[in-house]
Number of protein chains: 2
Amino acid sequence: MKETITIKTLAKELNISISTVSKALNDSYEISIETKQKVWDLAKMLKYNRNPSASNLRSHKTKTIAVIIPEVANNFFSQAINGIEEVARKRGYHVLIYQTHENTELEIAFTDSLLSGRVDGILISVSSDNNNHEHFATLVKEIPTVFFDRVYEDIDAAKITTDDYESTYNATSYLVECGCKKIAYLYALNNLNAGKQRMSGYRDALSALQLEYSDKLTVNYDKNAEVNYHNIKQLMLHERPDAVISSIEDLALPCYYVCNELAISIPEDLKIISFSNLNTAPLLNPSLTTITQPALEMGREAAAILFRILDKKHPEPNEWLTLKSTLIKRDSTACR
Amino acid sequence: MKETITIKTLAKELNISISTVSKALNDSYEISIETKQKVWDLAKMLKYNRNPSASNLRSHKTKTIAVIIPEVANNFFSQAINGIEEVARKRGYHVLIYQTHENTELEIAFTDSLLSGRVDGILISVSSDNNNHEHFATLVKEIPTVFFDRVYEDIDAAKITTDDYESTYNATSYLVECGCKKIAYLYALNNLNAGKQRMSGYRDALSALQLEYSDKLTVNYDKNAEVNYHNIKQLMLHERPDAVISSIEDLALPCYYVCNELAISIPEDLKIISFSNLNTAPLLNPSLTTITQPALEMGREAAAILFRILDKKHPEPNEWLTLKSTLIKRDSTACR
DNA sequence: TTTATTTACGAAAACGTTTGAGTTGATTGC
DNA sequence: GCAATCAACTCAAACGTTTTCGTAAATAAA
């Protein structure tokens, strides 16, 4: 076993006090540059590593943030994490990952456990399984928290979202321009602001363009993929829409399968637009028109906002930043 | 500000010593069940949370593991993380994520920083940018480490990989069965065992089937995506292979684009097989035949091995577990 | 010169746990 | 009936930092 080397070791070696060593390592103004240099040199030479637990315990700074998301194996979220990790690393912060799998119970367990001072701040994209969220009210009072993409508007915290309403509004308008008259909607995240906004954009666009909204043209997301498949198939069989807007990627792909099975050809018989961060969207058969959220950017910005909060000593009004998604037109909506 | 509640608070409230509280919370045999119950009840009532820093500092257990990977925004790795997080959560462990972006310098910085006792163990899939890896030799002596998918065979640590050699061997054989005579290879991870094994499987299958290997049929991965595109295009223009095996997903997709551009039709003119964890592989145009690694399983198993190591007090010989990938045949290799 | 002020450092008390070595009173063995 | 065992606690010393306060010497102001 190696004897672990601490500031005590350094102090003894240099014949100075441990407080001097500590201050030197923290680049305190109280210490002369000569002493600092000696400490730094020795620290490097002995490969000294500050013990994080001891440091945290005393200073209440963990240099760690938590990211709570539904799934990591999801293009949007993994890209967001990418952005988050990037800015965290630049600041020397560590990133903890928690997956809720859209389960509020788990979400509560996570947030509760983070109240113990394990992290300095939290980035969260909330679970969609219900809208019971009083646990966040207490959370945000205790610890700096930034909500991204999936937010609760009535929670007093910083938020960052995309222009969900405009996205579906524009997508719907675009489909109508292409001559579509019967546009179905695959509805997910209906407990969340994002989901509601997307639905509203769709509905408002319909009515602005003199088209009628019908419940029959809406398929609600189900946790069970087979149920989704079945429901989409029923939609296609009985309603035969000429276009469909999917509020999440996971509902667009079954659409492709259903069309395959029913020999509905895209885009001739059915045009498809979906929210998606798939990098293979251009390679699908046919290539998929997507509303693509700036996932990486959102991650970066969310982290940036969090660090801005952590930097301030005094609380400031919470930001609510909105980034723009882009409608990327591809073959699944090609007009003939 | 809330006054934080500690075991001291509990002790005072219950009129017992703080050590009794601590032991009760840790379910020690030294404490009577009645006392334990009282402590637990009060703790729950007051929403007591054990301070992790203090606990770690004293006990040298962090209940945290680190995952070091090249990229999180990658189907294989994000699924692996999913598996890791799943088993970590079951054990009440926390998961730190570090991305190396295939940069050894960063990798070294991360592993060095983890020597400070921030984590109990490490799961790592190494960076591919070079094979300089002496830093791991010291790392694995200091802290339990499990290498997954991308491993160094000469490092004395637990490892988990897939049957890379057999995968390409079988894929190559399959292509030959389909009548292919000029099979190109898109070569990546050439610094790593996985990459070398995949290449060997391809070459050995070729020679076993009386086909000649040629350097001209090999394209080496480049960090620059445009270079890859260009090289693949050159390959197609000048060599006109009738099949291609891609050792990573990121080289297969440019293949599709090149074929589009050059009007090479898949699978008639060119058959394609690629290592891939794309969930949209069946929806590509045409659907892609993949060698799919059990990413989720690998994550789970890697974590399981790590916890097995952490559970043992005495070191045991390191496991090297190998899981099987599956060749999923789709249209990109359809025989007419 | 005397008195402030500054500079560079040290002593010691936290931070909230865990843990090994006592301590006490009750129970057991013989 | 007395030593030995045991169950259920308590004491106090860690763990490795950070940070407040104090102080000596050097410098500046008066």
Side-chain angles (χ1 to χ4, degrees), chain A residues 1-40 42-43 46-64 92 113 115-120 313, chain B residues 1-40 42-43 46-64 92 113 115-120 313:
Chain A
M1 277 295 149
K2 287 259 290 283
E3 71 295 346
T4 107
I5 102 144
T6 72
I7 51 173
K8 217 166 173 175
T9 325
L10 302 185
K12 200 162 290 174
E13 191 76 22
L14 292 172
N15 254 320
I16 55 181
S17 77
I18 63 166
S19 24
T20 303
V21 175
S22 172
K23 287 171 185 171
L25 290 172
N26 288 318
D27 201 11
S28 160
Y29 69 95
E30 292 183 68
I31 306 300
S32 72
I33 182 66
E34 296 84 8
T35 310
K36 281 181 189 172
Q37 199 59 57
K38 278 196 288 186
V39 172
W40 293 339
L42 185 64
L46 298 183
K47 298 194 176 190
Y48 165 77
N49 262 312
R50 184 204 314 278
N51 180 306
S53 304
S55 181
N56 300 346
L57 177 57
R58 188 55 235 258
S59 67
H60 295 287
K61 309 254 163 202
T62 64
K63 283 263 178 189
T64 305
S113 88
L115 255 19
S116 60
R118 183 177 290 274
V119 298
D120 293 344
K313 35 246 117 240
Chain B
M1 278 294 149
K2 288 260 290 282
E3 72 296 345
T4 107
I5 103 143
T6 72
I7 53 174
K8 217 168 174 175
T9 325
L10 302 185
K12 199 162 291 175
E13 191 77 20
L14 292 172
N15 254 321
I16 57 182
S17 78
I18 64 166
S19 24
T20 303
V21 175
S22 172
K23 286 171 182 168
L25 289 172
N26 288 318
D27 202 9
S28 160
Y29 69 96
E30 291 183 71
I31 306 300
S32 72
I33 182 67
E34 296 83 10
T35 309
K36 280 181 191 172
Q37 200 59 57
K38 277 194 288 184
V39 172
W40 295 338
L42 185 64
L46 298 183
K47 298 195 176 190
Y48 166 77
N49 262 310
R50 168 203 265 103
N51 180 306
S53 304
S55 179
N56 300 345
L57 176 59
R58 186 57 234 259
S59 67
H60 296 289
K61 309 256 164 198
T62 65
K63 283 265 179 186
T64 305
S113 88
L115 254 21
S116 59
R118 184 177 290 274
V119 298
D120 293 344
K313 35 247 116 235

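Reminder, nothing fancy here: chain letters follow the sequence lines and each chain counts from 1. Here the structure is a predicted model, which is why all the values come from computation and not from measurement.
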Any side-chain N or O of A:T35 below 4.0 angstrom from OP1/OP2 of C:dA8? no

Quick check: on DNA chain C, is the nucleotide nearest B:K23 upstream (toward 5') of the one nearest B:S53, or the reverse? Name the residue that is more 5'. B:S53

Round to a whole Å and report the spacing from CD1 of A:I18 to P of C:dA14. 15 Å

Could you walk me through whether A:W40 and A:D27 satisfy the side chain to side chain contact (heavy atoms under 4.5 Å, CB included) test, starting with their C-alpha distance in whole Å, then the side-chain angles of each, then the deciding distance to 0.1 Å, before giving a yes or no? CA-CA 10 Å; A:W40 293 339; A:D27 201 11; 3.6 Å; yes

N/O (side chain, B:Y29) to phosphate O (OP1/OP2, D:dC9) under 4.0 Å: no

At less than 4.0 Å, is any side-chain N or O atom of A:S22 found next to OP1 or OP2 of D:dT17? Yes or no. no

Just to verify, which of B:I7, B:T20, B:L14, B:I31 counts as forming a side chain to side chain contact (heavy atoms under 4.5 Å, CB included) with B:V39? B:L14

Find the distance between CG (A:L46) and OG1 (A:T6) and round it off to the nearest 0.5 Å. 10.5 Å

A:N15 CG to C:dG10 C1', in whole Å, measures 13 Å

If only side-chain N and O atoms of A:S55 are considered, is one of them under 4.0 Å from the OP1 or OP2 phosphate oxygen of D:dT18? yes

B:T20 side chain near D:dA8 phosphate (N/O to OP1/OP2, under 4.0 Å): no

Taking CZ from A:R118 and P from C:dC15, how many angstroms apart are they, rounded to a whole number? 21 Å

Step by step, work out the side chain to side chain contact (heavy atoms under 4.5 Å, CB included) result for B:L57 and A:R58. CA-CA 11 Å; B:L57 176 59; A:R58 188 55 235 258; over 6 Å; no

Is there a donor-acceptor pair under 3.5 Å between the side chain of A:K36 and the backbone N or O of A:S28? yes

Can you tell me if the side-chain N/O atoms of A:S17 get under 4.0 Å from OP1 or OP2 in C:dG10? yes

Think B:R58 has a side-chain N or O under 4.0 angstrom from the OP1 or OP2 of D:dA13? no

In whole Å, what is the span from the CD1 atom of A:I16 to the P atom of C:dA8? 14 Å

Tell me the interatomic distance from A:E30, atom CD, to D:dT20, atom P, rounded to whole angstroms. 9 Å

Just how far, in rounded Å, is C1' of C:dT19 from CZ of B:R50? 14 Å

From NE2 of A:H60 across to C1' of C:dA14 the rounded distance in Å is 9 Å

What is the nucleic acid contact for B:N56, judged by heavy atoms within less than 4.0 Å: base, sugar-phosphate only, or nothing? nothing

In whole Å, what is the span from the CG atom of B:L57 to the C1' atom of C:dT18? 10 Å

I want to confirm an ordering. Mapping A:T6 and B:K36 to their closest nucleotides on DNA chain D, which one lands closer to the 5' end? B:K36

Examine the base of D:dC11 for any acceptor or donor lying under 3.5 Å from a partner atom in the side chain of B:S19, and report the outcome as yes or no. yes

